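Written out below as structure tokens is the structure these notes cover.
Lettering of chains follows the sequences in order, A, B, ..., and the numbering in each one begins at 1. Quick caveat: nothing in here was measured; it's all calculated off a predicted structure.
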Amino acid sequence: MRLKVLVDLPRHSRLDPLLDYLAPEAWPAGTLVRVPLGRREVCGIVWGPGDEAASPDGEGAAVALREIAQVLDALPPLGEAWRRLAAFAAGYYQRSLGEVALGALPPDLRELDATQLARRLRRSDKLDRDAAKAAASPSADPAVAAPLPEPSAEQREVLAQLAAMPPGPVLLFGATGSGKTEVYLREAARVLEAGGQVLVLVPEINLTPQLEARFAARFPGRRLVSLHSGLTPAQRLQGWLAAHLGRADLVLGTRMAIFAPLPRLGLIVIDEEHDPSYKQQEGARYSARDLAVWRGRSEGVPVLLGSATPSLESWHNALPAAEGGAGRYRRLDMPARIGGGALPRVRTVDLARIAAQFGKRAVYSQPLAPPLVDAMRERLERGEQSLVLLNRRGYAPVLHCTSCGWKSDCAHCSAWRVFHRSDRTLRCHHCGFSERVPFACPSCGDPDLQPMGRGTERLEEQIAELLPGARIGRIDADTTRHKGSLESQLAQVHDGEIDVLVGTQMVAKGHDFRRMTLVAAVQADAALFSSDFRAPERLFALLMQAGGRAGRDAELAGRSEIWLQTWHAAHPLYAALRRHDYPAFAAAQLLERESAAMPPYAFQALLRAEARSQQAACAFLDAVSAATLDWPEAAEVLIFPPVPAPIQRVADVERAQMLLEASSRQALHRLLARWQPVLAEAAAGTGEARILRWALDVDPLSI
DNA sequence: AGCACGCCGACT
DNA sequence: GTCGGCGTGCTC
């Protein structure tokens, strides 16, 4: 008999990834198999009965069907709900079903034959028995575990409302330190009690250990596994197996974990739901948060989205229709900090006024204005810590020649090479091209090359001059390149070995610094006038999140401050920030978005193309745009003209993009569905005009 | 995507 | 005379 088997045939292959194979018996859908494909043998998933009709191609030359090579029937089939999720994700994000479904499996699993699988399953059995034994041992007795913290009145109220609610997405809007995690834990306890599995998603691997520790401490008898790309392939497979076999009660992971098969799924928690890391930025560009909401509805399971600064999409979804929102989610608010800790005071330094008072030099040559330096000096004297955020690593973003105007451009990209003083290199952050800093200008020979602008390395140096005696540390992608170095540097901060920490936004997320009473953002303004319409939203989230680092310690909370240096002190974003008023900020942003017909009031897709020449990339985009001219599917979709990508050339490849916008998701998807084969066809050219890569990004986060 | 086949430049 | 560059084509 014939079975339809799904294999990982990528996106624009003109072949359907659902292939017919011969099998001696009807294995159920979801069964993992190994099948011959061309000259190799690949992993496949049985998707259903095959076409018993003559030829799989429909007409003409019959294809000789081949036999399934092996059936991995030691593993339970992937369930119906899981297959629905994969199919939805593939359809929504316009990728091949095979790519999405097979790509959601641990890479190791796809390589295993039946014998190897049996061995892994035996190891999984043993792990399971060990875990059960550990759970039963006296040391893990729940009675001995730390007593449950008494929930605050606010938490009790939220929990009561959650208990009374029908299943559906809930936006938990709570300030940093308001105890959202306690709500997750209580909800998880309820679901575990009822025999369910809980899936918890966090934005970054860095944040898993902390949350893992809290869940492990609260549920000592329960099996908890994590799923993220930082695990070894074997660990990832074991975690996945534990989830799929229903042995893991709690699954904690990054966006990839949204595809974990969970036969007893009872709750999905998305922590920091606004975080852009939930959107995959290559391959199948899915949003784990949006898929979580879909999965929750599909499986009849509650979804808890937590944030102090929700995405405007979620905020809009949680706003009742009567208030102009979509009314799709329920919203629960937790405004107060636990332990009555005050929210940090927000202080804006008006650079225009500083320039008038201290002279232009004080503003342009010094990274920190005098009042901010004074405030940091006070912290230093009291033995407290300060954090200075600057979202740009390296010493200076560009080096230039004072006599001929040469700048350190990259030979392969339309970008500057960044001056890294520590190893005296000029490095392109886009293609990796790196060279020692030249002794003299490569263009005119003048040895006087000067750094322009400021990165974290230089900021660190300049702060050392402004605050003599202060112990200064720096955390960015350069100082945390080696495994474990982020942890050890964070430990230094915790142990009080650092007075002032300089860092990029990676330090703003999730880390809890007890003695940090000042957080300063040095170059906040850039986001106010960015061409990216989501920049203000990200800035607001970053500053609130960074502010959350300050004043975690209730006794110090009273003098915790967030400092902003700005030329636009009166900007409404800063005004809302001073009041910690996210709802006002969101209302203003939504009004702007609505009047400009932008998300969440419009639905977007971005078609990106890469070619040897900008002209070839644009020609492709123009051609596929023109193809839709007389389509009824295109009537409600606005297709903008092609434009060069924000970084036009990377590693000698030219990039262009084209935006699509529609007022309804359905209209956009009707066009995309018909468009897909046209794109594949148009990209198939040869020679210099050939398209190297193209990708469709549905709901793009940055344009 | 893999993995073949296929047709032109620098090596044992 | 071969080894190997990656352009083009196929996979139930």
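Distance from the side chain of L9(A) is smallest to dA1(B) among dA1(B), dC3(B), dC12(C).
As a whole-Å value, the separation of L102(A) CG from dA1(B) C1' is 12 Å. We find that CD of E41(A) is positioned 14 Å from C1' of dT11(C), with the value rounded to whole Å. Between the P atom of dC12(C) and the CZ atom of R39(A) lies a distance of 10 Å, rounded to the nearest Å. The CD-P distance, from E99(A) to dG2(B), rounds to 11 Å in whole Å. One interatomic measurement links the two molecules: CZ of R40(A) to P of dG2(B), which rounds to 6 Å at whole-angstrom precision. Going from atom CZ of R690(A) over to atom P of dG9(C) covers 12 Å, rounded to whole Å. Separating the CG atom of D8(A) from the P atom of dT11(C) is a distance of 17 Å, rounded to the nearest angstrom. Per the geometry, CZ belonging to R612(A) stands 12 Å off P belonging to dC6(C), to the nearest Å.
Looking at R247(A) and S124(A), their side chains do bring a donor and an acceptor atom within 3.5 Å of each other. Donor-acceptor pairing under 3.5 Å is recorded for the side chains of E273(A) and S314(A). A donor atom on one side chain and an acceptor atom on the other are found under 3.5 Å apart for Y92(A) and D699(A).
Within the structure, a side-chain polar atom (N or O) of R66(A) is placed less than 4.0 Å from OP1 or OP2 of dC12(C).
Screening Q657(A), K279(A), Q94(A) against D697(A) for a side chain to side chain contact (heavy atoms under 4.5 Å, CB included) leaves a single residue, K279(A).
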